[in-house]
**Student:** 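Provided herewith is a single structure, encoded as structure tokens, for subsequent inquiry.
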Amino acid sequence: MQTFLPIVLTLILIAAAILTVHLRDLIAAIAASSVISLIASIFFYLLQAPDVAMTEAAVGVGLTTAIFVITVRKTRRYEE
Amino acid sequence: MKKVLALASLAVIGFVLVSTLRLVPFGVNKMNPQVAERYLREGVARTGSVNIVTAIVVNYRGFDTLGEVTVLFLAATGLGAVLFDKRGKRTQRTPASLIVKSAALILFPLIVLLGAYVFVHGHLTPGGGFQGGVIIATGFLLMYMAFRSYDVSHTWLMAIESLAGTTFVVLGLLGLVYGRSFLYNFLPLGTANAVFSAGVIPLIYVAIGLKVGSELTGILDHLMETIR
Amino acid sequence: MLDPVLLIALPLLTAFLVPLVRRAWRPLGEALPLLTLLFDLALAISYVPRALEKPIVVIIAGWRPPLGINLTIGPLGIFMAVMILFVAVLVAIYSIWYIRVEPKERYCMLCLMLVTGSLGMVLTGDIFNLFVFMEITSISAYALTAFIRDRDGSEAAFKYLIIGSLASNFFLLGVVLIYSSTGTLNMADLAAKMPSVDPRIAVPAVILMVVGLGVESEMFPLNGWAPDAYSMAPTPIGAVFGAIVVKGAVYALARMLYTIFNFQGVIHFLVIMGIVTLLMGEMAALRQRQIKRMLAFSSIGQMGLILVALGLGTAGGLVAALFHMLNHALLKALLFLTAGYLVYHSGSKEIADMDGMGRRVPLLAVAFSIGAFGIMGLPPLNGFWSKFLVISETVKAHYVAIAALALVGSVIEAVYYLRVVGRLFFKPADERVRAARLPVSAFVSLGLLVVAVVVIGLYPGWVMHVLQPAAHELLDKSFYIHSVLGP
Amino acid sequence: MVYYVAALSLILIGTYAVLTKKNIVKIVLGLSIAETGVNLLLITIGYVKGRTAPIFSDPSFRPEKMVDPVPQALVLTAIVIGLAVTALALAIVIRLYDHHKTLNIEKIRQLKW
């Protein structure tokens, strides 16, 4: 479990990163990027950095995603 | 063409980074006995903060944190400048359902309370001014999402932001007056693991928490209020 | 004796307070930024004698380096600080009348924080703190570029922001690599530990950091943001870019390469980068039709010259580089600020529309010509001495071919500046342009700049008195280490 | 080891997005991915196997059994700076969309890039 979990999470992380770059629907891409932040925050926790994990969870998953979504709402949802 | 170029340069960067990081072993103690290990050994006794990360952020490297607070303030100011004449009525948002509304009403005070708890206990538990401030801002985000006409007073946001920033710098200057240097921890350290301990650290963290919370709320508000 | 940390703490305090004070009493709120900058300038000048004698090490939060962050105010740092503050004060005076786009209050705050950021960059003794202050400088620069909020301004700001943030990411990556192998972030401590670090880690770290700083210091392939940002930002901000932002980054580059790493190979590499930057900048400037774009490319060219002199690695070369930095800051500020009013009075950004402005607004045209002659290197203006020094030192260091190329660059520069000056004075004026008077704020700031340019040109010895210890500070690593960490 | 892989791939993928993508929101997303990667790398470097977080919440905790606290403090700063840059970038994106009615950088491009 100790070694297995990071490997699986890394795979999901890379997949989410590729999806973020690839998806043409910006809302979906933003969702994928918030998955990246979520996994990064789990990693921070696993690496014994609870302060950073908390910040990344609040900033990366919460606020950054929110301001991205607001921006997309104000502009255009699909990449052309 | 552009893609090939980008991929080629990325390959170079990746190769350099991989070959460099092979020399940096994972999970091995790389701490400098004069710096990081001293923080761990002496931190609690000399700063009164049980959380060493907080001790570093607010005390040892407090000047960085002042810079960091300035960066956020700068972002809020810059955002206001860039979106200056685009303010107006908010875009018509679809009204949230009753469930969301009532949940928001119940959750909002709890979230703000949690944020306040996090920044007051920054020197004892994980978390601190930034985390607390961000949590408070998410509380306001929830209110914005739940209620169509929810609005925060700009005068108040600005006043809190300004006062909190001033408090931080003034605490630093008091360190200069009563101690030996800027940001010097001039209050008694108290007993470790108590809320009222660690001298100025909790005070600074409360100031940071209020500042970050009001700044981020201001940023959200600015973004939400721009006309499309 | 006031603590030198006030140099940074006071502007920050003012920036935080401005919104409140403005609500309470508007005139004070408007005057406060300028007053703070003036006070800061006086404070910085008052430290000059002490800093020349022995670097002032300011301890923050009561922790001696390497535990805490410290400011190191040596000859070099105080020279940069005085230069930055002098230009900042003049730009602030100039802006009083010039900037009428709202929100003025935010403009003042952003400018104030930009100045604070670059002051922090030149005074700090900690590498991560340098990164934080660099971000303060560049984020305020991004916001100021977009300040006019027109199409091109936003685009230029976006471009600048993307290139700049990517670069600062690289810089941070370099910091990470260095931290991983030394465990410290204090510059003096790093300098002491660097010789024992595996070069296979240190060299990539240097490259990453040079790339990170290269963007702000307009080094050759990384300077794509500069012309747009210079020409699309409000005019005083163009002067600020040329005189403050870029100079802070060059300082950081010099500090990094000389004090911390000191790899001869990397330092000499700057000569090549510099000469390429110089020639590319001058060639591009020759082709420009808009006056602010031309000045921007000319600024890139001058930065190339400074990089050449920095890369020589000799005491004379460093003195020349620092002297040219000062002169370029003054001259480019003068040129940009006059260009602002030339554009304002002629109603067009194009050089072609400025025919005969010399008769309509003679003072302005004379000030512009002084700037142009100075930057071309005509005696007895200040630019002559530093250009002469740079080229003679390059020859002394046996880079004869480079010196010849630099001369070619200067000739190109003379061509395009003389073209503008000629148009200002010898072309018939457009009937629509009426004679105009300069507002007092512009008169004061331009007048002071002209006086500075002429005085330094006549008495270069005064500046050299400061520059020699500053160059010595860069070259003598152990002196820096000892003055920070103690013997 | 696997953390290095994760951090590096985030840095590379993020930079790739910044360099090649045409949509400006995507470019900003790429920037924030790359930043997350650098932060993860920094924390990974400070980690020591078998040690705990640097918080003395229990008096029995020993300093010899804790990970490096400095990178954690640096990352806290870096995350907040990243948030600030992202917010400003998105404000400029809104401005750009306002002027050009598109998010495609090739259609926006008026100045020479």
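A note on names: the letters A, B, ... follow the listed sequences, proteins ahead of strands, and every chain is numbered from 1. Computed from a predicted model, the values in this text were never measured in an experiment.
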**Student:** CG of D98(D) to CG of L83(B): how many Å apart, nearest 0.5 Å?
**Tutor:** 9.0 Å

**Student:** Would a distance-only check, ignoring hydrogens and angles, find a side-chain to backbone donor-acceptor pair under 3.5 Å from S214(B) to K211(B)?
**Tutor:** yes

**Student:** Parallel, tilted or perpendicular: which fits the ring planes of F26(B) and Y4(D), with parallel below 30° and perpendicular above 60°?
**Tutor:**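 Perpendicular.
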
**Student:** Give a yes or no on whether the backbone of G218(B) and the side-chain of H222(B) come within a donor-acceptor separation of less than 3.5 Å.
**Tutor:** no

**Student:** Parallel under 30°, tilted from 30 to 60°, perpendicular over 60°: which one fits the rings of Y60(B) and Y39(B)?
**Tutor:** tilted

**Student:** Classify the angle between the aromatic ring planes of Y3(D) and Y47(D) as parallel (below 30°), tilted (30 to 60°) or perpendicular (above 60°).
**Tutor:**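 Rings of Y3(D) and Y47(D): tilted, 30 to 60°.
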
**Student:** Please answer whether the main-chain N or O of K65(D) pairs with a side-chain N or O of T52(D) as donor and acceptor at a distance below 3.5 Å.
**Tutor:**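 Checking the backbone N and O of K65(D) against the side chain of T52(D), a donor-acceptor pair under 3.5 Å is found.
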
**Student:** Which atoms of R51(D) are under 4.5 Å from chain B, going by heavy atoms: the side chain, the backbone, both sets, or neither?
**Tutor:** side chain

**Student:** In Å and rounded to the nearest 0.5 Å, what is the CD to CD1 distance from E215(B) to I160(B)?
**Tutor:** 11.5 Å

**Student:** Specify which of I92(D), I45(D), V5(D), L90(D) makes the most heavy-atom pairs with chain B at under 4.5 Å.
**Tutor:**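 Greatest number of close heavy-atom pairs with chain B: I45(D).
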
**Student:** Under 4.5 Å, heavy atom to heavy atom: which of residues 11-22 of chain D reach chain B? Give them by number, or say none.
**Tutor:**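 Hits under 4.5 Å: L12(D), T15(D), Y16(D), L19(D), T20(D).
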
**Student:** May I ask you to list the residues in residues 73-84 of chain D that approach chain B closer than 4.5 angstrom, counting heavy atoms only, ordered by number?
**Tutor:**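 Only A73(D), L74(D), L76(D), T77(D), V80(D), I81(D), L83(D), A84(D) of residues 73-84 of chain D have a heavy atom under 4.5 Å from chain B.
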
**Student:** If you count heavy-atom pairs within less than 4.5 Å of chain D, which of I219(B), L21(B), L17(B) leads?
**Tutor:** L21(B)

**Student:** Between the main-chain N or O of A6(D) and the side-chain N or O of S9(D), is there a donor-acceptor pair closer than 3.5 Å?
**Tutor:** yes

**Student:** Determine whether a donor-acceptor pair (N or O, by modelled atom type, separation under 3.5 Å) exists between the side chain of T138(B) and the backbone of L141(B).
**Tutor:** no

**Student:** Considering only heavy atoms and a distance below 4.5 Å, find which of V70(D), T86(D), V48(D) pairs most often with chain B.
**Tutor:** V48(D)

**Student:** When only pairs under 4.5 Å are counted, which of V57(B), V134(B), L74(B) shares the most heavy-atom pairs with chain D?
**Tutor:**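 Highest number of heavy-atom pairs under 4.5 Å: V57(B).
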
